[in-house]
Amino acid sequence: SDVAEKLFPGVDPLGRSVQIDGLPFQVVGIGKPIGTVLGQSQDAYVYIPIQTFLKIYGSNRSLSINVQARGPDWMARTQDEARVLMRARRHLRPNDKDTFGIRDSASLMDLWHNITGSIAASAVGIVALFLVIGGVVIMNGMLASVTERTREIGIRKSLGARRRDILLQFLVESAIM
């Protein structure tokens with residue numbers, strides 16, 4: 001639908017011609033809008049017949065085939081059927097390994113969870129590092145403050161302040177800081 005809007009704004013594209021890699025193709029249909037995933041439009045695609053693709057680009061190029069199951073209950077059966085069809089198409093024997101891959105939504109969600117988990121774990125490490133650095137900065141600031149205020153501490157002690165009172169004053173100041 002994005003391609004149709006871009007190439008034929010305000011005009012019905014059915015039956016019109018569009019060029020792909022310099023070759024003319026006739027528009028025979030428009031896909032339903034899917035929407036976006038992670039900010040990327042899923043509606044910017046063009047389907048061409050597989051035999052035409054193989055004639056133009058050869059069989060050495062990477063090719064992806066999208067298959068949609070009727071519903072969640074049909075997912076395993078649809079994957080098995082697609083695997084059987086691909087093995088038959090590639091003339092694979094029963095003992096041969098698959099020369100293709102099948103990606104389902106569950107594997108993509110697992111990948112997403114692994115990525116976000118790694119990002120969260122590294123964020124915790126970075127935050128811990130910044131807390132340590134912040135603590136060292138505050139410690140140095142308080143050390144400088146105590147060093148500059150040795151006279152004030154001496155006067156307070158001579159007037160009867162206990163060590164605990166002076167320590168409490170500096171702890172409150174550092175907590176506020």
Side-chain angles (χ1 to χ4, degrees), residues 1-139 175:
S1 60
D2 283 356
V3 176
E5 286 178 25
K6 184 85 170 174
L7 297 178
F8 306 103
V11 179
D12 184 19
L14 294 179
R16 296 191 182 261
S17 181
V18 64
Q19 286 199 358
I20 301 172
D21 283 344
L23 298 170
F25 288 88
Q26 183 180 2
V27 178
V28 295
I30 303 169
K32 288 183 181 177
I34 299 170
T36 60
V37 174
L38 300 175
Q40 297 292 320
S41 175
Q42 301 298 301
D43 301 323
Y45 60 88
V46 176
Y47 286 133
I48 63 173
I50 186 88
Q51 293 301 327
T52 307
F53 177 87
L54 293 174
K55 283 180 190 174
I56 296 171
Y57 300 108
S59 60
N60 293 336
R61 300 240 349 221
S62 175
L63 180 67
S64 66
I65 299 172
N66 298 325
V67 179
Q68 184 173 353
R70 291 183 183 170
D73 300 338
W74 291 75
M75 193 64 162
R77 184 187 295 176
T78 304
Q79 281 184 357
D80 290 341
E81 192 173 331
R83 179 172 278 111
V84 167
L85 289 171
M86 287 299 295
R87 290 182 65 81
R89 173 85 174 137
R90 292 176 174 226
H91 307 292
L92 296 176
R93 293 187 199 122
N95 295 338
D96 293 343
K97 287 187 174 182
D98 290 344
T99 57
F100 55 89
I102 295 179
R103 285 182 281 177
D104 61 349
S105 56
S107 64
L108 293 176
M109 286 305 295
D110 288 344
L111 175 65
W112 172 253
H113 289 301
N114 287 340
I115 291 172
T116 55
S118 299
I119 291 172
S122 61
V124 167
I126 291 170
V127 167
L129 179 68
F130 283 134
L131 282 174
V132 169
I133 291 171
V136 168
V137 168
I138 290 172
M139 181 184 68

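Quick caveat, the model's predicted, so the values are computed rather than measured.
- By the 4.5 Å heavy-atom criterion applied to side chains, Ile65 and Met86 are counted as neighbours.
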Next item on the list: Mind running side-chain contact (heavy atoms from CB on, under 4.5 Å) on Phe130 and Ile126 for me, showing each step along the way?
Entry: CA-CA 6 Å; Phe130 283 134; Ile126 291 170; 3.3 Å; yes
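- Atom CG in Asp43 sits 8.5 Å away from atom CD in Glu5 (nearest 0.5 Å).
- What you find for Ile30 and Ser1 is that their closest heavy atoms are CG2-CA, 3.9 Å.
- A salt bridge (charged side-chain N to carboxylate O under 4.0 Å, His left out) check over residues 69-86, counting only residues at least two apart or in different chains, returns the pairs Arg83-Asp98.
- Taken to the nearest 0.5 Å, the CG atom of Asp2 stands 10.5 Å off from the CG atom of Leu7.
- For the residue pair Asp110/Ser107, the side-chain donor-acceptor check at 3.5 Å is not satisfied.
- In this structure, CG in Leu14 is found 9.5 Å from CD in Gln26, a value given to the nearest 0.5 Å.
- The shortest heavy-atom contact between Ser17 and Phe8 is O-CZ, 3.7 Å.
- Between Asp21 and Ile56, every side-chain heavy-atom pair lies at or beyond the 4.5 Å cut-off.
- Between the side chain of Gln68 and the backbone N or O of Asn66 there is no donor-acceptor pair closer than 3.5 Å.
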Check: Going through the distances and angles, do Thr52 and Phe25 end up as a side-chain contact (heavy atoms from CB on, under 4.5 Å)?
Finding: CA-CA 10 Å; Thr52 307; Phe25 288 88; 3.8 Å; yes
Next item on the list: Tell me, with the steps shown, if Arg16 and Val11 meet side-chain contact (heavy atoms from CB on, under 4.5 Å).
Entry: CA-CA 10 Å; Arg16 296 191 182 261; Val11 179; 3.0 Å; yes
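- Side-chain contact check for Leu92 versus Phe100: some heavy-atom pair is nearer than 4.5 Å.
- Atoms OG1 and CD1, from Thr78 and Ile102 in turn, are 10.5 Å apart once rounded to the nearest 0.5 Å.
- To the nearest 0.5 Å, atom CZ of residue Arg89 and atom OG1 of residue Thr99 are 11.5 Å apart.
- Here the straight-line distance linking atom CD1 of Ile119 with atom CG of Asn114 works out to 11.0 Å at 0.5 Å rounding.
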